[in-house]
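All values derive from a computational prediction rather than experimental measurement. Numbered from 1 within each chain, the chains take letters A, B, ... in sequence-line order.
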There are 2 protein chains.
Amino acid sequence: MSHMVYGCVMTVDKSHVLRTAATLLTRKATTSLDEIAKVAGISRATLHRHFAGRDALIKALEELGITRFEAALDAAAIDEGDATGALRRLITHIEPEAALLAFLTTENQLFVGELHAGWDRLDERMNSLFRRGQESGEFRVDLTAAWCTEALYGLVGAAAWAVHAGRIAPRDTEKMIAELLLGGVRRSMEQ
Amino acid sequence: MSHMVYGCVMTVDKSHVLRTAATLLTRKATTSLDEIAKVAGISRATLHRHFAGRDALIKALEELGITRFEAALDAAAIDEGDATGALRRLITHIEPEAALLAFLTTENQLFVGELHAGWDRLDERMNSLFRRGQESGEFRVDLTAAWCTEALYGLVGAAAWAVHAGRIAPRDTEKMIAELLLGGVRRSMEQ
DNA sequence: CCGTGATGAGACATCAATGTCTCATATGGT
DNA sequence: ACCATATGAGACATTGATGTCTCATCACGG
């Protein structure tokens with residue numbers, strides 16, 4: 001019985017399904033599995049074959065988001081160079097996953113039970129980046145690292161929503177997030 | 001068991017019920033009316049007497065949020081004085097309504113159909129505040145007013161969540177939002 | 001003391017979402 | 001050509017939320 005070889009016959013792109021689910025669930029948290037399957041272009045039966053149920057789908061969404069976020073942190077090499085540059089690189093790598101991240105940070109339903117252990121690790125890496133910037137003198141110290149982390153999450157979500165609403169161009173999101181987070185809206189006196 | 005310490009026992013405090021609903025629905029968008037009623041301290045029958053159904057409850061939530069937001073804009077007198085001060089005052093007045101606002105900005109379900117006309121008015125007032133700051137030279141012009149508005153919404157939501165998660169103290173939210181939005185995390189050279 | 005009105009408790013039917021099943025079809029590999 | 005696997009379509013029962021109803025209770029005012 002040496003069958004069960006994975007990887008070639010799988011015509012369903014789980015990542016695509018999950019992204020579709022993230023988009024729909026962000027817009028309407030009560031979206032039915034029927035609609036998710038329909039928009040993803042698969043039947044409800046197939047959706048159910050890949051994800052046992054709604055909870056499993058949400059769980060997979062969480063897993064994917066954490067994985068992508070972690071990958072973005074790695075790709076941005078946030079521990080190298082100055083914190084400002086590291087933060088810019090991070091935003092660049094996070095932006096493509098904005099919709100997914102926005103879903104995870106707003107769907108607090110995930111945290112009613114136990115929260116995924118991966119989040120602790122991500123939060124810690126984020127916090128350490130801001131702390132590093134504070135210690136190097138790049139970042140102000142009157143804003144806690146924890147708040148800066150939460151603010152980044154919030155801004156990423158706001159940007160995703162603004163793009164969806166057509167208020168800002170997709171190509172501008174990266175700059176908008178980075179500039180606002182780093183410099184704020186106030187015109188600097190030095191300029 | 002008839003308790004409830006209101007002045008008059010025969011009238012349910014709709015505002016209290018709505019705030020409870022906002023809190024619960026923010027944490028879990030699929031919270032049942034049963035649980036909302038229970039946490040609000042009323043029976044499901046009474047909840048249904050005041051709000052015809054889930055949609056009506058959401059609608060009332062939207063109305064309340066818009067009303068409170070509009071009141072905050074008025075109370076802050078955002079058209080008077082410099083834009084920076086106006087923005088600080090606005091944040092001060094908005095902060096108590098953070099949970100409610102956070103719900104409205106994340107519950108995009110509201111916008112699948114027609115979006116409430118009140119939002120246009122609110123967005124316009126917010127945008128004009130940021131435009132005013134740009135024209136007076138206080139705010140930078142490379143960040144659009146629309147984005148600044150969305151960013152404020154996002155930061156208010158992030159702050160509400162951070163407080164709920166115990167990451168920042170309630171008394172600090174005002175400062176955290178204002179300082180980050182105005183000045184960003186980067187240490188200013190002028191200091 | 002009694003009546004009006006709001007509420008609490010619960011029964012009941014309904015509906016939508018969900019989970020599970022079967023069967024037919026399509027695809028890819030052997 | 002044959003077989004294994006994935007998929008699509010749909011039937012079916014179940015579950016939970018919801019809307020509606022009735023009745024008992026409690027508070028307040030006349």
Applying side chain to side chain contact (heavy atoms under 4.5 Å, CB included) to A/E35 and A/K28, what does each step give before you reach the verdict? CA-CA 11 Å; A/E35 190 174 352; A/K28 183 171 159 59; 5.6 Å; no
Take atom NZ of B/K38 and atom P of D/dA17, then tell me their distance rounded to the nearest Å. 12 Å
Once you round it to whole Å, what is the distance between P of C/dT18 and CG of A/L57? 10 Å
Of the nucleotides D/dG8, C/dG8, C/dG19, which has the atom closest to the A/L33 side chain? C/dG19
Report yes or no: is the cationic atom of B/K59 (NZ for Lys, CZ for Arg) under 6.0 Å from the centre of the six-membered ring of B/F51, at an angle within 45° of the ring normal? no
About how many Å separate CZ of A/F139 and CZ of A/R131, when rounded to the nearest 0.5 Å? 13.0 Å
Please report the distance, rounded to the nearest Å, between CG in B/D55 and P in D/dA17. 17 Å
Output the rounded distance in Å from CG (B/D34) to P (C/dG10). 12 Å
Tell me which one of B/V185, B/T173, B/I177 satisfies side-chain contact (heavy atoms from CB on, under 4.5 Å) with A/W147. B/I177
From C/dT20, C/dT18, D/dA17, nucleotide with atom closest to A/H48 side chain: C/dT20
Can you find a side chain N or O atom of B/T46 that sits less than 4.0 Å from OP1 or OP2 on C/dT7? no
Please report, rounded to the nearest Å, how far the P atom of C/dT7 is from the NZ atom of B/K14. 10 Å
Polar side-chain contact B/R49-C/dG8 base: donor and acceptor under 3.5 Å: yes
Whole-Å distance between C/dT18 C1' and A/L47 CG? 11 Å
Could you say whether B/T31 or A/I42 is positioned toward the 5' end of DNA chain D, judged by the nucleotide with the nearest heavy atom to each? A/I42
Can a side chain N or O of A/R54 be found less than 4.0 Å away from OP1 or OP2 on C/dT18? yes
Measuring from the side chain of B/R44 (C-beta onward, heavy atoms only), which nucleotide among C/dA11, C/dT18, C/dG10 has the closest atom? C/dA11
Scan A/K175, A/R187, A/M176 and name whichever one has a side-chain contact (heavy atoms from CB on, under 4.5 Å) with B/D142. A/K175
Can you tell me if the side-chain N/O atoms of B/H50 get under 4.0 Å from OP1 or OP2 in C/dT7? yes
